[in-house]
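Sequence lines set the chain letters: A, B, ... in the order given, protein chains first and strands last, and positions in each chain run from 1. The figures here come from the full heavy-atom set of this structure, side chains too, leaving out hydrogens, waters and symmetry mates.
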Amino acid sequence: MPRIKSPEELENVRQDILSRRDPNKSCISICAGTGCLALGAGEVIAAFQSEIEKQGLHAEVDTRSAGCPGLCERGPLVVIYPEEICYVEVSPEDVEEIVSQTVVGKKAVERLLYTDPNTDEQIVHVYEIPFFKNQKRLLIDDNMKIDPRNIEDYLAIGGYSALAKVLNTMSPEKVTEETIQSGLRGRSGSGFPAGKKWKFCRGSEADIRYVICNCHEGDPGAFADRRVIEANPHNVLEGMIIGAYAIGASEAYVFVGDEFPQTVENIYKAIEQAEEYGFVGENILGSGFDLTLKVSIDGGGYVLGESTALMASMEGKVGEPRTKYDHATDKGFWAKPTVLNNLQTWANVPIIINHGAAWYSDIGTESSSGTRVFSISGKVKNTGMVEVPMGMTLREVVFDICGGIIGDKKFKAIEVGGPMGGFVPESLLDLQVDYEELDKVGLAMGPSLIVLDEDTCIVDMVKYFLNFLAKESCGKCTPCRDGLRHMINILNRISEGRGRKEDLDLLELIAKVQKKAALCALGQGASDPLLSTLKHFRDEYEAHIEEKSCPGCICKALSAASSGANA
Amino acid sequence: MAEVTLTIDNKEIKAEEGMTVIEAARNAGIDIPSFCHHEHLEPYTACRICLVEIEAKGRTDLHTACSYPVAENLVVTTKTDEIIEIRRTLLEMMLSHAPDSRDVRALAEEYGAEKDRFAKESSFCIHCALCVRYCAEVKKKYAVGFVGSGTSREISFNPEIASKECWDCRECFELCPTEALQTAYLFTEALTSSSTPFEFEFKEE
Ligand SMILES: Cc1cc2nc3c(=O)[nH]c(=O)nc-3n(C[C@H](O)[C@H](O)[C@H](O)COP(=O)(O)O)c2cc1C
């Protein structure tokens with residue numbers, strides 16, 4: 001493919017792709033995301049390909065290794081187009097029946113349909129499944145319609161048209177203004193207005209500026225950011241290219257760990273194709289704008305997601321946070337003006353440009369526009385990846401999207417924001433996903449949600465997060481390193497039945513000092529899960545200390561004591 | 001060098017641009033305590049004992065005096081109730097490592113820090129990194145560094161470099177605020193493990 005040299009040429013290429021595609025042609029879309037692959041999607045894909053060959057259907061039927069749509073718990077997932085019939089937990093043995101009955105015979109295979117766990121109703125069409133229907137999907141809705149490794153699939157759904165629009169008709173200032181107007185805020189939880197950050201950076205005199213996509217996501221169990229880029233990498237790249245144009249940056253980096261090989265391979269492949277088609281490189285679409293786009297592999301722990309540690313690591317230095325009085329938009333990567341945004345912040349940019357700031361800012365709440373993609377795990381019936389409009393309540397996320405608690409046990413808490421987040425009790429479940437609302441109760445908009453049922457011990461969960469941070473912290477400053485050590489010591493003795501009355505005050509004192517005195521945001525936020533539970537679940541701590549019993553029956557030393565007392 | 005005027009504890013002070021608040025304060029006879037600051041080393045901002053309140057451009061925040069550059073019209077307060085509580089708690093954490101360190105104990109007394117607030121720790125080290133930084137920045141030998149992260153971070157000697165470089169140096173020992181107990185122990189360990197017999201002489205202070 002020769003480089004595309006103008007917006008008109010891009011439209012011609014797009015029309016050519018569409019003319020070769022019949023929307024009524026059957027297509028078997030198999031999720032080839034990290035989750036489904038782990039459940040055997042690779043064999044399912046191979047089985048479909050050979051079955052189609054065997055039945056001599058390759059002229060009439062396409063197969064697609066698609067991006068992850070999110071219902072990871074029920075994978076491998078298959079959607080048959082154009083009917084949009086969805087099958088869950090598909091194995092290679094089911095393939096022949098699906099091809100004969102559904103693709104050829106146009107009839108659903110009932111035993112493979114999704115059954116609603118609450119109504120026992122079988123659901124045929126993918127968008128009627130409550131898990132999907134109750135979400136607001138701006139970033140991940142097309143995932144089953146594209147093969148992340150095939151740029152033509154992205155072009156077929158209008159990909160890179162936002163970039164063409166920007167380069168053809170908008171000044172960098174206008175792009176920045178549009179982004180400000182859209183109300184787009186940093187999705188890492190910072191909530192900082194993206195457009196404003198770009199404006200500061202552009203206003204900073206320099207011979208070179210950088211753009212970085214933070215795809216680190218070191219929170220335990222979280223995978224939303226990486227799954228978003230794995231499923232639709234070009235959307236993120238397009239956002240970064242548009243941002244780089246607005247900022248006047250000439251180099252852009254995706255900072256990502258290699259825990260999920262599939263994710264990294266998809267990013268490399270997408271960059272290669274974007275270069276080949278002329279969406280990055282010199283003179284992009286004939287506009288005179290040049291940009292190089294690279295991957296920077298991060299080899300480290302949680303703290304590398306922090307801005308100063310991330311840039312130090314990219315420069316080949318020790319990835320530890322540093323005390324800085326300059327903003328990265330003035331002195332960031334290599335001490336040059338740099339914009340670091342979260343992956344999902346970038347992913348929203350093409351959508352804003354295509355639909356306009358006014359359309360976008362109507363989604364969500366007054367102060368928080370758009371959506372946030374979370375990975376959700378724990379004791380809900382449907383786990384996986386969900387896209388939630390700002391303003392939706394946590395109750396709706398847990399019960400309407402995820403189908404409620406497994407085994408109809410009692411809900412205990414939902415953890416929001418990862419190791420620097422906190423636990424929300426039942427009484428606050430009507431809290432909205434919104435920067436200000438979450439902030440009011442001391443929570444941040446992290447990439448993961450973890451749902452806990454009545455059989456969980458809050459003290460034990462908090463210990464888990466603190467132990468995670470005790471390893472992930474760099475250990476440089478006293479309040480973070482020693483503070484974490486002593487908090488863990490105290491929690492250990494509480495869960496072993498040796499807790500003292502004054503321990504809760506002591507925990508609060510350490511947390512307070514750590515929050516004020518720690519060197520970086522990791523230390524400053526490390527006690528957030530602890531503090532939120534001391535507020536909302538204090539009775540559980542008191543039960544451990546005073547009654548020597550563990551309400552979740554998790555702490556071994558205590559459960560025995562309490563069940564012994566009951567016997 | 002341009003001169004700037006700032007206020008520290010209600011006292012008007014002149015300082016040279018490029019200085020840090022701790023330097024300006026000490027020049028003016030105002031002591032701000034710190035364990036990891038050293039005039040010949042890069043600011044490290046790790047012990048957090050030198051946190052002071054700084055009002056700049058209409059905002060008041062806590063900052064480490066060892067790294068914060070002086071500027072015109074800064075207003076610095078070196079002791080408030082909040083700062084006292086922070087220092088006291090940090091000192092209590094340090095006492096759990098180095099209960100007998102003269103430097104730590106002197107400050108602990110001043111701030112009313114209790115020796116037994118926290119459980120005793122096996123390592124004497126308070127992680128000021130003076131030895132590590134001095135060896136790297138001044139001596140350029142890199143004989144001592146950190147291993148591990150988070151709560152398992154500890155100093156460690158590289159036996160190969162240490163057996164060559166440290167015999168005649170040991171300058172880092174003098175810098176240690178906890179009487180070099182940990183340094184001495186690990187140094188000996190590094191050298192014994194590299195099979196060089198070594199008689200360690202402990203200096204009486
Ligand atoms: C310990 C720590 C870890 C962080 N990890 C991430 C991360 O994995 N991904 C991310 O986007 N931001 C992370 N951040 C926030 C970044 O420092 C930075 O604020 C963010 O990437 C800015 O993007 P945004 O403005 O688009 O939200 C982390 C911050 C801290 C303190």
Side-chain angles (χ1 to χ4, degrees), chain A residues 218 300-304 308-309 318-326 419 466-493 498 500 502-503 505-520 522-524 526, chain B residues 20 35-36 42-51 53-54 56-57 61-69 71 80 82-97 104 114 117-123 125-129 132 145-155:
Chain A
Y302 182 63
V303 76
L304 278 194
T308 60
V318 181
E320 284 176 4
R322 285 160 174 72
T323 302
K324 272 198 168 179
Y325 305 107
D326 298 305
L466 290 178
N467 276 308
F468 172 82
L469 289 173
K471 275 203 236 47
E472 297 293 332
S473 151
C474 69
K476 182 172 169 178
C477 77
T478 315
C480 182
R481 181 191 60 251
D482 282 340
L484 278 169
R485 191 203 319 268
H486 294 304
M487 290 196 286
I488 292 168
N489 281 345
I490 295 168
L491 289 178
N492 279 341
R493 75 172 173 243
R498 295 180 290 110
R500 305 169 195 160
E502 63 276 15
D503 276 348
D505 290 340
L506 188 53
L507 284 170
E508 268 164 351
L509 172 72
I510 303 172
K512 179 170 154 198
V513 167
Q514 192 179 58
K515 196 167 259 316
K516 288 178 182 172
L519 193 161
C520 84
L522 185 146
Q524 290 154 15
Chain B
T20 58
F35 288 107
C36 67
E42 288 294 314
Y44 188 61
T45 69
C47 77
R48 315 303 287 175
I49 288 288
C50 76
L51 280 173
E53 199 177 279
I54 298 181
K57 296 178 195 150
D61 283 311
L62 293 174
H63 292 287
T64 41
C66 72
S67 60
Y68 203 92
T80 62
E82 184 183 35
I83 292 172
I84 291 170
E85 181 176 57
I86 290 172
R87 287 189 190 147
R88 186 198 306 130
T89 310
L90 295 177
L91 285 162
E92 286 170 346
M93 292 179 183
M94 292 176 183
L95 283 172
S96 79
H97 291 286
V104 178
E114 285 174 37
R117 169 95 61 190
F118 298 115
K120 288 277 158 302
E121 293 297 333
S122 56
S123 158
C125 179
I126 60 166
H127 298 76
C128 67
V132 174
F146 280 112
V147 290
S149 67
T151 50
S152 343
R153 181 174 168 115
E154 291 300 341
I155 56 166

Does atom NZ of A/K512 have more than 12 heavy-atom neighbours from other groups under 6.0 Å away? no
Validation row: B/H63, A/T323 side chains within 4.5 angstrom (heavy atoms): no
Interatomic spacing from NZ in A/K516 to CD in B/E85 - rounded to 0.5 Å: 6.0 Å
Below 4.5 Å, heavy atoms only, C-beta onward: do A/C477 and B/T45 meet side chain to side chain? no
Quick check: are there more than 12 heavy atoms from other residues, nucleotides or ligands sitting under 6.0 Å from NZ of B/K57? no
Would you compute the distance between atom CG of A/L506 and atom CD of B/E92 and round it to the nearest 0.5 angstrom? 8.5 Å
Looking at residues at least two apart in the chain, or sitting in another chain, which of them share a side-chain hydrogen bond (donor to acceptor under 3.5 Å, both in side chains) with B/R48? none
Counting heavy-atom pairs under 4.5 angstrom with chain B, the leader among A/P479, A/G475, A/G301 is A/G475
Which atoms of B/T64 approach chain A - backbone, side chain, both or neither, heavy atom under 4.5 Å: both
Which bit of B/Y44 comes within less than 4.5 Å of chain A, counting heavy atoms only: side chain, backbone, both or neither? both
Interatomic distance, A/T478 atom OG1 to B/I126 atom CD1 [nearest 0.5 angstrom]: 7.0 Å
Reported CZ-to-OG distance for the pair A/R481 and B/S149, which is rounded to 0.5 angstrom: 12.0 Å
Can you find a heavy atom in the side chain of A/D482 that is under 4.5 Å from one in the side chain of B/H97? yes
Return the CD to CD1 distance between A/Q514 and B/I86, rounded to the nearest 0.5 Å. 12.0 Å
Classify the angle between the aromatic ring planes of A/H486 and B/F118 as parallel (below 30°), tilted (30 to 60°) or perpendicular (above 60°). parallel
Proximity breakdown for B/S67 and chain A, heavy-atom pairs closer than 4.5 Å: both
Looking at every non-hydrogen atom in both residues, tell me the closest pair between A/N489 and B/A119 and how far apart they are. ND2-CB, 4.4 Å
Side chains of B/R88 and A/V513: closer than 4.5 Å at any heavy-atom pair? no
Under 4.5 Å from any heavy atom of chain A, what part of B/Y68 do you find: side chain, backbone, both or neither? both
B/E42: what forms a side-chain hydrogen bond (donor to acceptor under 3.5 Å, both in side chains) with it, not counting sequence neighbours? none
Report which part of B/I83 has an atom under 4.5 Å of a heavy atom belonging to chain A: side chain, backbone, both, or neither. neither
